[in-house]
Amino acid sequence: MYQKPKGTRDLFGKELRRLEAMNSAARSFFGRNGYEEIRTPSFEFAALFDRSIGATTDIVEHEIYKFEVSKKLYALRPEGTASVLRAFIENRIALPARFLYICSMYRRERPQKGRYREFEQIGIELLGESKPFFDAEIIDQAKRYLDLIGARDYTIELNSIGCQDCRSEYREKLREELKADIPKLCDDCRRRFEKNFLRIFDCKKETCQAVYDRVPKISDNLCTECAEHYAQVTEYLNKFGICYAENKKLVRGLDYYTRTVFEFKHGGLGAQDTIIAGGRYDLLMKELGGPDTPCTGWAMGPERLLLTIPEDLPALNAKEIFFIAGMGERFVGDIVALRNQIQDGGHVCMVGDPGESIKAQVRKANRVGAKYSIIYGEDEEREGYYTVKNMDSGEQRKIPKNDFVSFISETKGS
RNA sequence: GUGAGUGUAGCUCAACCGGCAGAGCAUUGGACUGUGGCUCCAAUGGUUGGGGGUUCAAGUCCCCUCACUCACCCCA
């Protein structure tokens, strides 16, 4: 028996409907906010991600699916931002630009709760706006979207990790501060400090956290411009009426972030509790060879979000289902014509095997959730009507063939 | 890449110290010949994830392997 690769899923039924409901809600909500959907290739040249995410991050080092064809090295995209910026630059799109993407991403990690090797991301990118207002605005939009689809009990955490100048200055300060404590830190943290020093604050070990609790934080060591920017972001968030918590230990895993970073988290998700993460990345566009352009954006993990939302997501318009039970092979022509008529009227219609007993067919009608069973056999043919059984009430009506069109259209709205 | 846990019928799970592989639900048929759901009766359903070993005897103990789950790492 064939099996799907580790970390992938077959999506169907309720799960896929819920996911698709989120996607269409995102398209219409962010569409109303001026975001235009963009779809970039599932794979890019691998170098794009080295440059954007950071060549020393774990994602680039061993989580990307890479493959070489005709001496060219490709990579399945592990995230969306790099591709969107590449597309923006390559297609010479005008500023300011607002993009929405809904795409599968690929990372070769060990799967666990809320983490897969192929997973969806819904993300927005706002290109060409530098003002703190827009940092706050994309947070506000994320929050309103979550509220719209019925998410509850999430928290918003905010921090600023400054620009390159504040960061390199802070890094030396931190190195001094930590000197005496280095023996207390875990191996991972020592490694982190060399590779991506801010990430030490993400460590889950209490012994490490005890040290970081009393060490100066980057948000208290910003340059004047970054500090002013951060202060204004918090002011705007207050004006928007958004509840958030400042988390001085909040950092991001990707290299390209500057100044504002934020996460939306949800308890009850286990270890992977971040449902939305993003921030400002003013340097990346230039880094990728484009015009010097300030940008903000975030990405959401819809699978994780769905884990937090109770079953009854605002349903897509539930269609009424018809089921035709024909009483013998010789009615196939009539049955098919009737099926077409019902489907042309915009309804869902399934047909039973006319060779099966009426009992077996009505049972199947029940099983597929049919609202109406239509029985057609010798009596109906002779006298020119359809027997229509309402599967909820059990009530049964004879509807003359000539009246059937109006029956169909009446049924539509109910 | 590292660690822990779990794999028994389509699904959810039993099976004592190693001693004939079981139940509920689902499926199919019947009671009810052209009428589903509810009830009752019956039937079908298994190389106990796979391979090897120990033993008179392995679902059970040992080794290997595969898959899933959770956590570390990392991240949406």
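Remember, predicted model here, so these are calculated numbers, not experimental data. Chain letters run A, B, ... following the sequence lines, proteins first and then strands; every chain starts at 1.
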Could you walk me through whether F262(A) and Y257(A) pass the ring-ring contact (aromatic ring centres under 6.0 Å, His included) check?
CA-CA 11 Å; F262(A) 57 86; Y257(A) 286 102; 8.4 Å; no
Does M327(A) form a side chain to side chain contact (heavy atoms under 4.5 Å, CB included) with I358(A)? I'd like the steps, not just the answer.
CA-CA 7 Å; M327(A) 303 308 301; I358(A) 186 170; 3.4 Å; yes
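In this structure, of rG1(B), rC74(B), rU35(B), it is rG1(B) that holds the atom nearest to the side chain of R108(A). Nearest nucleotide to the side chain of K204(A), out of rA76(B), rC73(B), rA67(B): rC73(B). When the nucleotides rC72(B), rC32(B), rA76(B) are ranked by their closest atom to the side chain of K359(A), rC32(B) comes out on top. Comparing atom distances between the R110(A) side chain and each of rG1(B), rA76(B), rG34(B) picks out rG1(B) as nearest. For E109(A), whose side chain is taken as the heavy atoms from C-beta onward, the closest listed nucleotide among rC73(B), rC66(B), rA76(B) is rA76(B). Closest approach to the I358(A) side chain among rG37(B), rG34(B), rC73(B) is made by rG34(B) (side chain taken as heavy atoms from C-beta onward). Relative to the side chain of I375(A), the nucleotides rA76(B), rG37(B), rG34(B) differ in distance, and rG34(B) lies closest. Distances from the side chain of R107(A) to the nucleotides rA76(B), rU35(B), rA71(B) place rA76(B) closest. Distance from the side chain of R363(A) is smallest to rU28(B) among rA71(B), rU28(B), rC73(B). For R304(A), the side-chain atoms get nearest to rA76(B) when compared with the rest of rA76(B), rG36(B), rU69(B).
Taking OH from Y256(A) and CG from L283(A), the interatomic distance works out to 13.0 Å, rounded to the nearest 0.5 Å.
Atom CG of D188(A) and atom P of rC72(B) are 11 Å apart (whole Å). Between D10(A) atom CG and rC68(B) atom P there is a gap of 11 Å when expressed in whole angstrom units. Rounded to an integer number of Å, the gap from D187(A) CG to rG3(B) C1' is 16 Å. Distance M300(A) CE to rA76(B) P: 14 Å, rounded to the nearest Å. Protein atom OH of Y116(A) is 16 Å distant from nucleotide atom C1' of rA67(B), rounded to whole Å. Between the NZ atom of K6(A) and the C1' atom of rG1(B) there is a distance of 12 Å, given to the nearest Å. When the C1' atom of rG49(B) is taken as reference, atom CD of Q3(A) falls 9 Å away, rounded to whole Å.
Among the heavy atoms of the strands lying under 4.0 Å from Q272(A) is at least one base atom, whether or not backbone atoms are also near. Nucleic acid contact for E378(A): base, since at least one base atom lies under 4.0 Å from a heavy atom of the residue. Using a 4.0 Å heavy-atom distance criterion, G278(A) is classed as making no nucleic acid contact. Among the atoms of the strands shown, base atoms are found under 4.0 Å from some heavy atom of K389(A). At a threshold of 4.0 angstrom between heavy atoms, the contacts of K364(A) with the nucleic acid are absent. Among the atoms of the strands shown, only primed sugar atoms or phosphate atoms (P, OP1, OP2) are found under 4.0 Å from some heavy atom of A271(A). F323(A) comes within 4.0 angstrom of no nucleic acid atom, judged by non-hydrogen atoms across all strands. Residue R191(A) is classed as a sugar-phosphate contact, given heavy-atom separations below 4.0 Å to backbone atoms only. Across all strands shown, N196(A) has no heavy atoms under 4.0 Å from either base or sugar-phosphate atoms. As judged by a 4.0 angstrom heavy-atom cut-off over every strand, I122(A) is placed among residues making no nucleic acid contact. Note on Q396(A): a base of the nucleic acid sits closer than 4.0 angstrom, heavy atoms only. Note on D202(A): nothing from the nucleic acid sits closer than 4.0 angstrom, heavy atoms only. Using a 4.0 Å heavy-atom distance criterion, R115(A) is classed as a base contact.
Nucleotide rU8(B): unpaired (no Watson-Crick or G-U wobble partner with both distances less than 3.5 Å). Across all strands shown, rA71(B) is found opposite rU2(B) as a Watson-Crick or G-U wobble partner, with both distances under 3.5 Å. rA15(B) makes up no base pair with any nucleotide shown, lacking Watson-Crick or G-U wobble contacts both under 3.5 Å. Across the strands present, rG34(B) finds no partner; the criterion is a Watson-Crick or G-U wobble pair with both atom distances under 3.5 angstrom. In this structure, rA21(B) forms no base pair with any nucleotide, since neither Watson-Crick nor G-U wobble geometry is met with both distances under 3.5 Å. Base pairing analysis places rA43(B) opposite rU27(B); the two distances defining the Watson-Crick or G-U wobble pair are each below 3.5 Å.
Using C1' as the reference atom, rG59(B) and rG3(B) are 27 Å apart when rounded to the nearest Å. Rounded to whole Å, the P atom of rG46(B) lies 13 Å from the corresponding atom of rG50(B). A distance of about 27 Å separates the P atoms of rC61(B) and rG24(B), rounded to the whole Å. Remark: the separation of the C1' atoms in rC32(B) and rG36(B) is 13 Å, to the nearest Å. The separation of rG49(B) from rC40(B), taken at their P atoms, amounts to 33 Å, rounded to a whole angstrom. If you take atom C1' in rA76(B) and the same atom in rA58(B), they sit 46 Å apart, rounded to whole Å. Spacing of P atoms, rC13(B) relative to rC56(B), comes out at 37 Å, to the nearest Å. Going from the P atom of rG30(B) to that of rC66(B) covers 48 Å, rounded to whole Å.
Looking at T81(A) and E125(A), their side chains do bring a donor and an acceptor atom within 3.5 Å of each other.
Counting heavy-atom neighbours within 6.0 Å of E68(A) CD, excluding the residue itself, gives a total above 12. Atom CZ of R190(A) is surrounded by more than 12 heavy atoms from other residues, nucleotides or ligands within 6.0 Å.
Screening D220(A), D213(A), D202(A) for a salt bridge (charged side-chain N to carboxylate O under 4.0 Å, His left out) involving K249(A) leaves a single residue, D213(A).
Residue Q112(A) places at least one side-chain N or O under 4.0 Å from the OP1 or OP2 atom of rC72(B). In this model, the phosphate group of rU69(B) is not approached by any side-chain N or O of K113(A) to a distance below 4.0 Å at OP1 or OP2. For R367(A) and rU28(B), the shortest distance from a side-chain N or O to OP1 or OP2 is below 4.0 Å.
Considering only heavy atoms from C-beta on, Y74(A) comes within 4.5 Å of F45(A) through its side chain. In this structure the side chain of E15(A) never reaches within 4.5 angstrom of the side chain of E303(A), judged on heavy atoms.
The nearest heavy atom of RNA chain B to E380(A) and to G114(A) marks one nucleotide each, and the one closer to the 5' end goes with E380(A).
E118(A) places no side-chain N or O within donor-acceptor distance of the main-chain N or O of T8(A), the cut-off being under 3.5 Å.
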